[in-house]
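Both ligands and their constituent atoms are indexed starting at 1 by order of listing. The structure displayed is predicted, hence computed values, not measured ones.
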Amino acid sequence: MERFPMYIAGEWREAASGEWFETQNPYTGKTWALVARGGEKDADIAVEAAHKAFTTGDWPKLNASQRGALLRKVGDLIAERAEQLAEYEVRDNGKLIAEMAGQLRYIPQWYYYYGGLADKIEGEVIPIDKPGVFNYTLHEPLGVVLAITAWNSPLLLATWKIAPALAAGNTVIIKPSEFTSTSALEFVKLFEEAGFPPGVVNVATGFGGEIGQALVEHPLVRKVAFTGSEAGGVKVNQAAAPGMKKVSLELGGKSPNIVFDDANLDNAVKGAVAGIFAATGQTCIAGSRLLVQKSIHDQFVERLVAFAKTARMGNPMDMDTQVGPVTTPPQFEKVLSYIDVARNEGAQLALGGGPATRPECGDGWFVEPTIFTGVNNAMRIAQEEVFGPVLSVIPFEDEEEAIRIGNDVAYGLAAGVWTTSLNRAHIMAAKLQAGTVWVNTYRAVSYMSPFGGYKRSGMGRENGQAMIKDYLQTKSVWINTETEFPNPFAMR
Ligand code: NAD
């Protein structure tokens with residue numbers, strides 16, 4: 001069985017306790033590797049290493065252009081190894097090779113983009129209102145940044161944090177999900193190959209409540225960039241508060257995907273499927289509430305069910321598979337339990353509704369693409385994140401009701417709108433409480449465009465130029481240009 005030790009200060013290390021934990025392939029249901037189970041001692045070692053690399057050695061001596069060049073180099077290496085890295089992702093999280101290979105080929109863009117920004121972090125000269133002083137700002141790195149990721153897109157989510165953090169001059173510890181740790185341990189080799197000094201990028205593995213918590217609490221960690229569940233985000237935020245750490249949280253969602261009767265319905269059907277069955281519904285931006293205008297409700301549901309029925313399930317390593325397994329056994333149980341919840345609440349099953357027993361699904365943790373109609377937005381199935389291939393269809397009368405239902409959840413990560421009316425598109429974009437609104441498309445993200453949540457979907461943003469400021473702190477420098485120091489008892 002393959003063993004994956006941690007990567008700290010440029011060295012491969014077993015956990016201080018000598019313990020390992022199993023990682024499983026969701027398609028076969030079998031354990032395929034062992035990963036080091038880090039604890040408090042390992043957290044200390046990792047943070048000390050990252051802090052040392054931040055304060056001494058070659059990293060702080062590099063100028064910003066040299067940092068940028070290293071980032072671009074690692075982008076090139078990721079592009080070269082995209083397919084191989086994607087295979088690690090699929091083996092651990094069961095997402096489709098077709099999607100993950102594309103994702104890995106796109107990830108280099110983050111390193112090129114933030115690599116380009118590294119030497120454009122400029123301070124300002126402030127035309128200060130007081131005589132005899134010269135005032136300017138410096139934007140300086142924070143120190144050790146902790147990047148904690150969820151299991152659904154491990155390298156993409158890590159990249160959203162690592163690329164800007166390194167461009168800004170910080171050092172990084174990646175704490176991948178205990179369900180999908182191996183890809184980060186392969187990925188980190190490319191940083192070494194690109195020439196990043198030891199200790200600048202580290203990977204510490206283990207469970208959230210063990211090494212994760214110890215890392216968050218460590219006094220030398222200055223920022224925690226977290227992607228995961230709402231419950232995990234709350235714990236991390238609480239643990240970071242006494243240390244006055246910067247925290248960004250990318251959490252869950254219950255996003256409305258809203259179809260008006262004037263929409264191009266062929267595209268809207270595809271958009272509904274993209275929203276909930278792509279990635280087996282295991283995306284934070286899943287369009288898990290499909291709001292359909294009453295005038296087209298029945299015909300739209302019929303077309304959607306017919307299309308969703310054709311989705312090919314099976315081995316995620318086959319290029320033509322469209323729906324893969326659920327990533328983890330607890331998640332598999334959770335998805336099935338929500339199907340029961342919906343049934344018990346009185347929702348009507350229009351498709352699926354249980355584990356997939358098709359022969360092509362082998363021993364994997366597969367759930368049939370599931371559609372419930374007759375859902376009322378007050379039901380738990382409409383309010384709580386399932387994070388699986390389970391869609392709730394909710395009818396609405398008009399724009400006003402679509403906005404009311406769309407916003408009537410605790411979350412606010414994303415929303416989709418399907419309409420051919422330009423006027424309506426802008427009204428909906430303005431009124432929906434979500435960090436991202438897509439009109440006539442779904443699940444589009446880019447390194448250039450800010451991403452993040454309203455309400456309980458999180459705090460802060462990732463991606464885009466402005467975001468680099470989240471990995472910097474501003475210093476205001478005052479230089480007296482007069483020869484004398486005036487009255488010391490008065491404020492200057
Ligand atoms: P999770 O909260 O269980 O775990 C996420 C990460 O946090 C893991 O690495 C885990 O080990 C760590 N962790 C958990 N408790 C911790 C603690 N007390 N201290 C430190 N670290 C801790 O979430 P998950 O099940 O891995 O991921 C699924 C969730 O992630 C879903 O809710 C999904 O919507 C969300 N998600 C959000 C985004 C986004 O960008 N908004 C993207 C992907 C996934």
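- Scanning the protein for heavy atoms near atom 14 (C) of ligand 1, the closest one is G208 CA, 3.8 Å.
- Nearest protein neighbour of atom 34 (O) of ligand 1, counting heavy atoms only, is E385 OE2, 2.6 Å.
- With a 4.0 Å heavy-atom cut-off, ligand 1 is reached by no atom of E230.
- Atom 27 (O) of ligand 1 has its closest protein heavy atom at A150 CB, 3.2 Å.
- Closest to atom 41 (N) of ligand 1 among all protein heavy atoms lies L251 O, 2.8 Å.
- Backbone and side-chain nitrogen or oxygen atoms of F451 are examined, and none is located within less than 3.5 angstrom of a nitrogen or oxygen of ligand 1.
- At under 3.5 Å, not a single nitrogen or oxygen of K235, backbone or side chain, sits near a nitrogen or oxygen of ligand 1.
- R443 has a carboxylate O that lies under 4.0 Å from a charged side-chain N of E99, or vice versa, which qualifies the two as a salt bridge.
- Using a distance-only test at 3.5 Å, with no hydrogens or angles considered, a donor-acceptor pair links the side chain of D92 to the main chain of T182.
- At the shortest separation from atom 20 (C) of ligand 1 among protein heavy atoms lies G212 C, 3.2 Å.
- Using a 4.0 Å cut-off to heavy atoms of L157, the atoms of ligand 1 that qualify are 42 (C), 43 (C).
- Of all the heavy atoms of N152, the ones lying under 4.0 Å from any atom of ligand 1 belong exclusively to the side chain.
- At least one N or O atom of W151 sits closer than 3.5 Å to an N or O atom of ligand 1.
- Ligand 1 has a nitrogen or oxygen under 3.5 angstrom from a nitrogen or oxygen of G228.
- Cation-pi geometry between K189 and Y7 is not satisfied (NZ or CZ under 6.0 Å from the ring centre, within 45° of the ring normal).
- Panel note: side chain S457, backbone G252; a donor-acceptor pair is recorded below 3.5 Å.
- The single protein non-hydrogen atom nearest to atom 18 (N) of ligand 1 is Q213 OE1, 2.9 Å, given as residue, atom name and distance.
- Less than 4.0 angstrom separates some heavy atom of G252 from each of these atoms of ligand 1: 32 (O), 34 (O).
- The closest donor-acceptor contact from the side chain of K235 to the backbone of A231 lies at 3.5 Å or more, if one exists at all.
- With hydrogens left out, the protein atom closest to atom 12 (C) of ligand 1 is I148 CG2, 3.6 Å, a heavy atom.
- Proximity of L215 to ligand 1, defined as any heavy-atom pair under 4.0 Å, is not found for any part of the residue.
- In this structure, the protein non-hydrogen atom closest to atom 6 (C) of ligand 1 is T149 O, 3.3 Å.
- Taking each of G453, C284, G253 in turn, the one with a heavy atom nearest to atom 36 (N) of ligand 1 proves to be C284.
- Without hydrogens or angle criteria, K455 side chain to V409 main chain gives a donor-acceptor distance under 3.5 Å.
- Looking at S177, its side chain never comes within 3.5 Å of a backbone N or O of A150 through a donor-acceptor pair.
- In this structure, Q473 contributes its side chain and P141 its backbone to a donor-acceptor pair below 3.5 Å.
- When non-hydrogen atoms are compared, ligand 1 lies under 4.0 Å from neither the backbone nor the side chain of I285.
- A donor-acceptor pair under 3.5 Å is formed between the side chain of D42 and the backbone N or O of A16.
- Between P176 and ligand 1 there is a heavy-atom distance shorter than 4.0 Å.
- Residue K52 places its NZ atom among 12 or fewer non-hydrogen atoms of other residues, nucleotides or ligands, all under 6.0 Å distant.
- Panel note: side chain K95, backbone N152; a donor-acceptor pair is recorded below 3.5 Å.
- Of the N or O atoms in E178, one or more lie within a sub-3.5 Å distance of an N or O in ligand 1.
- When the heavy-atom distances from atom 33 (C) of ligand 1 to F207, F179, F226, F387 are ranked, the shortest goes to F387.
- The option from S181, G232, A231, S229 that lies nearest to atom 1 (P) of ligand 1, judged by heavy atoms, is S229.
- In terms of modelled atom types and a separation under 3.5 Å, the side chain of E345 and the main chain of I381 share a donor-acceptor contact.
- Paired with Y411 under the rule side-chain hydrogen bond (donor to acceptor under 3.5 Å, both in side chains), one option of R456, E385, K254, E230 passes, and it is E230.
- Of the polar atoms of W160, none of the N or O atoms is found under 3.5 Å from an N or O of ligand 1, judged by distance alone.
- Where the criterion is an N or O separation shorter than 3.5 Å, residue side chain and backbone included, T227 fails it with respect to ligand 1.
- With a 4.5 Å cut-off on side-chain heavy atoms, L391 and N257 do not count as touching.
- Checked by atom type and distance alone, the side chain of R67 pairs as donor or acceptor with a backbone atom of A167 at under 3.5 Å.
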